[in-house]
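Side chains are part of it too, since the values below use all heavy atoms of this structure and drop only hydrogens, waters and symmetry mates. Residue indices begin at 1 and follow the sequence shown.
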Amino acid sequence: MLDHLIKGATIVDGTGAPAFEADLAVHQGRIAALGRITDPARTTEDAHGLVLAPGFVDPHTHYDAQLFWDPCATPSMHHGVTTVAGGNCGFTLAPLNPDRPDDADYTRRMMSRVEGMSLAALEQGAPWNWSTFGEYLDALEGRTAVNAGFMVGHCALRRHVMGPDAIGGQPTDAQLDAMLRLFHDAMDAGAWGLSTTQSSTHADGDGRPVASRHARPAELLALSRAVADHEGTQLEAIVAGCLDRFADEEIDLLVEMTAAAGRPLNWNVLTIDSAVPDRVPRQLEASERARKAGGRIVALTMPILTPMNMSLRTFCALNLIPGWGDILALPVPERIARLREPAVREEMLRRAASKEAGVFRRLTDFARYVIGDTYSTANAGLSGRVIGDIAAERGQEPFHCLVEICAADDLRTVLWPMPTDNDPESWALRQRTWQHQDVMLGGSDAGAHLDRMCGAPYTTRFLGDCLRGRKLVDLETAVRMLTNDPARLFGLRDRGRIAVGCHADLVLFDPERIDAGPATLVHDLPGDSPRLDSRAAGIVSVRVNGVETVRDGEVTGAVPGKVLRSGRDTETVRTR
């Protein structure tokens with residue numbers, strides 16, 4: 001007898017092929033049959049008028065810690081995501097050196113700073129009972145509702161071997177050998193490969209450049225070559241130029257890394273803006289050169305504009321504008337005093353408009369900011385209003401006006417920067433860029449920057465836009481971009497498409513309603529810490545390995561997810 005039978009669904013199989021109506025049978029976690037099915041089943045549902053697609057694959061998340069207190073990886077699973085890739089940007093919770101218990105605290109503080117995770121949630125929500133990478137994977141085994149695979153972070157490898165010297169130091173030959181042994185052990189245990197960062201924006205809990213930023217090319221290439229020794233592995237790397245334009249030496253490094261490994265390398269995130277027409281060709285030059293060198297470089301890009309919360313009180317993207325971090329790190333009273341100095345504001349605006357600000361220049365049109373929550377009587381009635389309008393009423397320059405509003409709230413005011421790249425030309429450029437063979441949708445950062453942004457709903461918002469909005473791609477293409485494309489990049493075995501024998505990772509949705517709700521601030525993390533959440537619309541059911549995990553927007557409590565391990569659950573994707 002079949003476990004479950006879905007009758008009359010519109011099947012969009014993930015390959016890009018035309019949709020078709022059929023029944024689908026699930027048995028023992030896999031798709032047992034497709035077509036007209038009359039065999040008996042324990043449960044049956046009528047899906048006429050609904051779309052049945054493979055579960056969505058999110059290629060760039062930071063759910064490494066959250067899965068311990070939130071097995072459902074919310075809000076991603078609500079939005080149809082059944083598989084997440086974690087351990088990105090060089091940051092993982094393992095390995096930890098058992099001879100240095102303080103390394104766990106260092107890691108928590110680093111993750112809190114660099115990935116915007118609640119320190120209280122990290123301290124209270126995860127067991128921290130592992131030392132090796134394999135022990136970390138084992139700690140997750142059997143307790144997740146989604147499938148999850150993880151890269152191993154370069155920062156953790158360096159810290160484990162070099163201790164505090166990982167910041168600023170270079171490994172001896174013996175230390176590099178030890179790092180490579182540790183890395184091989186992690187991949188033997190199921191790590192998907194190496195993630196690393198050289199980004200100038202990545203700092204640890206003490207404000208110092210994270211460990212992997214101190215690595216020289218020889219170290220990165222040695223680790224890249226190690227990836228080639230293991231089945232189903234690859235690379236993920238971040239460099240400073242990911243945020244705007246690659247420098248020549250950055251392209252050289254990325255090309256050498258993927259060629260040395262003979263595996264794909266993906267990076268995050270390709271920002272597409274018609275106001276900067278030369279950015280996309282420059283960034284994709286890395287992909288063109290990689291193919292000639294026997295490698296492959298894949299750019300992740302988001303198909304939606306992700307709303308962000310900001311404030312002048314807490315760490316956010318404004319802190320990353322050159323010259324702003326030191327001022328925004330001052331104690332609040334001193335910070336307010338400095339921000340009120342005309343010369344300070346003038347210099348901040350100059351730096352924000354400079355070439356060195358890169359992609360952060362997009363955040364500096366302060367007249368278009370919208371005021372969110374306010375906390376003082378002086379700011380009563382300002383929520384929802386645009387800074388430019390308030391500034392005109394007050395006869396102030398927009399940034400000066402913004403500072404005064406925030407100062408009245410002791411800098412707690414919530415700020416919503418309005419995107420500058422929401423014009424028809426930018427969307428047309430996105431449509432063209434998505435067709436490139438080395439561009440893939442992703443970059444949600446789900447699980448990170450929890451109270452500042454909510455990228456997890458990109459799947460449902462994109463589908464709603466494709467069906468009822470801009471309609472930049474058809475439904476079959478949109479589903480392929482969310483499922484089979486990332487599954488094939490990672491070499492996921494029998495996932496990312498609907499076919500007999502594949503794992504029954506499935507999303508059933510109403511094409512008339514599929515969408516994402518607005519991001520709202522909730523306090524549901526360990527330690528009552530806040531995060532942004534977004535509910536999905538139109539998701540009828542989500543199944544992971546054949547077991548239903550979401551029904552009509554509510555989680556079922558089942559935890560059928562698997563820790564996906566390299567080699568066993570992934571196959572090698574070769575570049576030459």
Side-chain angles (χ1 to χ4, degrees), residues 62-69 86-140 150-172 174-186 189 191 194-199 201-216 219 223 238 314-315 319 325 329 447-450 525-529:
H62 291 278
Y63 280 125
D64 308 54
Q66 184 175 325
L67 284 170
F68 284 104
W69 64 79
N88 288 294
C89 301
F91 308 123
T92 48
L93 310 187
L96 295 172
N97 194 318
D99 297 328
R100 288 195 305 272
D102 289 347
D103 279 6
D105 178 64
Y106 172 86
T107 300
R108 289 189 289 264
R109 290 188 298 108
M110 178 185 71
M111 298 298 279
S112 178
R113 168 67 179 265
V114 78
E115 293 297 348
M117 299 176 181
S118 160
L119 183 58
L122 289 168
E123 291 173 338
Q124 301 174 30
W128 298 94
N129 57 353
W130 55 81
S131 57
T132 70
F133 197 84
E135 289 170 346
Y136 164 76
L137 295 181
D138 291 344
L140 282 172
F150 300 90
M151 311 291 279
V152 60
H154 190 180
C155 289
L157 295 173
R158 254 188 161 243
R159 179 81 184 189
H160 187 289
V161 172
M162 300 175 64
D165 290 342
I167 305 297
Q170 296 303 315
T172 64
Q175 287 175 324
L176 181 56
D177 287 344
M179 206 183 303
L180 289 168
R181 287 195 299 272
L182 194 65
F183 185 35
H184 283 297
D185 288 344
L194 177 74
S195 75
T196 187
T197 180
Q198 298 266 300
S199 174
T201 64
H202 286 159
D204 67 12
D206 299 315
R208 300 171 301 177
V210 296
S212 65
R213 286 178 59 186
H214 302 277
R216 294 174 180 166
E219 179 181 332
L223 291 165
I238 306 294
T314 57
F315 188 90
N319 294 65
H449 315 295
L450 296 176
L525 298 179
D528 198 36
S529 301

So, using ring-ring contact (aromatic ring centres under 6.0 Å, His included) as the criterion, who are the partners of W128 when residues are at least two apart? W130
Please assess D105 against R109 for the test salt bridge (charged side-chain N to carboxylate O under 4.0 Å, His left out), listing each intermediate value before the final yes or no. CA-CA 6 Å; D105 178 64; R109 290 188 298 108; 3.2 Å; yes
Quick check: closest heavy atoms across S118 and P526, and the distance to 0.1 Å? OG-O, 4.4 Å
Ignoring hydrogens, what is the shortest heavy-atom contact between R113 and F315? Give both atom names and the distance. NE-CE1, 3.4 Å
Check: M179 and H154 side chains under 4.5 Å, non-hydrogen atoms: yes
Check: R213 main-chain N/O paired with R158 side-chain donor or acceptor under 3.5 Å: no
T107 side chain to D103 main-chain N or O, any donor-acceptor pair under 3.5 Å? yes
Backbone of P164 reached by a side-chain donor or acceptor of R100 within 3.5 Å: no
Give me the atom names and distance for the closest heavy-atom approach of A191 to V152. CB-CB, 4.2 Å
Decide yes or no for H62 and H449: does some side-chain heavy atom of the first lie under 4.5 Å from some side-chain heavy atom of the second? no
Modelled atom types, side-chain donor and acceptor of S199 and T197, under 3.5 Å: no
Nearest 0.5 angstrom please: T132 OG1 to D138 CG, how far? 7.0 Å
Would you tabulate the side-chain donor-acceptor contacts of residues 88-97 under 3.5 Å, counting partners in other chains and residues two or more places apart, or write 'none'?
residue	atom	partner	partner atom	Å
N88	ND2	T61	O	3.1
N88	ND2	A85	O	3.1
T92	OG1	A94	O	2.7
T92	OG1	G153	N	2.9
N97	OD1	D99	N	2.9
N97	ND2	H160	O	2.8

Please examine the side chains of L194 and L157, heavy atoms only from C-beta on, and report whether any two atoms are closer than 4.5 Å. yes
Between atom CD of E115 and atom CG of L450, what is the distance when rounded to the nearest 0.5 Å? 9.5 Å
Is the shortest side-chain heavy-atom distance between L525 and W69 below 4.5 Å? yes
Please check if the side chain of E135 supplies one atom and the backbone of S131 the other of a donor-acceptor pair under 3.5 Å. yes
Output for pair (F150 CZ, Y63 OH), nearest 0.5 Å, gives 11.5 Å
Under 3.5 Å: donor-acceptor pair, side chain of S195, backbone of G87: yes
For the side-chain contact (heavy atoms from CB on, under 4.5 Å) test, which of H214, R216, E219 pairs with P171? E219
Yes or no on side chain to side chain contact (heavy atoms under 4.5 Å, CB included) for L223 and L180, after CA distance, side-chain angles and deciding distance? CA-CA 7 Å; L223 291 165; L180 289 168; 3.8 Å; yes
Taking the side chain as every heavy atom from C-beta outward, state whether M111 and L122 have any atom pair closer than 4.5 Å. yes
So do V161 and L182 actually touch side chain to side chain, heavy atoms under 4.5 Å? yes
Main-chain N/O of G163 paired with Y106 side-chain donor or acceptor, under 3.5 Å: no
Provide the closest heavy-atom pair for P127 versus F68 in the form atom of the first, atom of the second, distance. CD-CD2, 3.5 Å
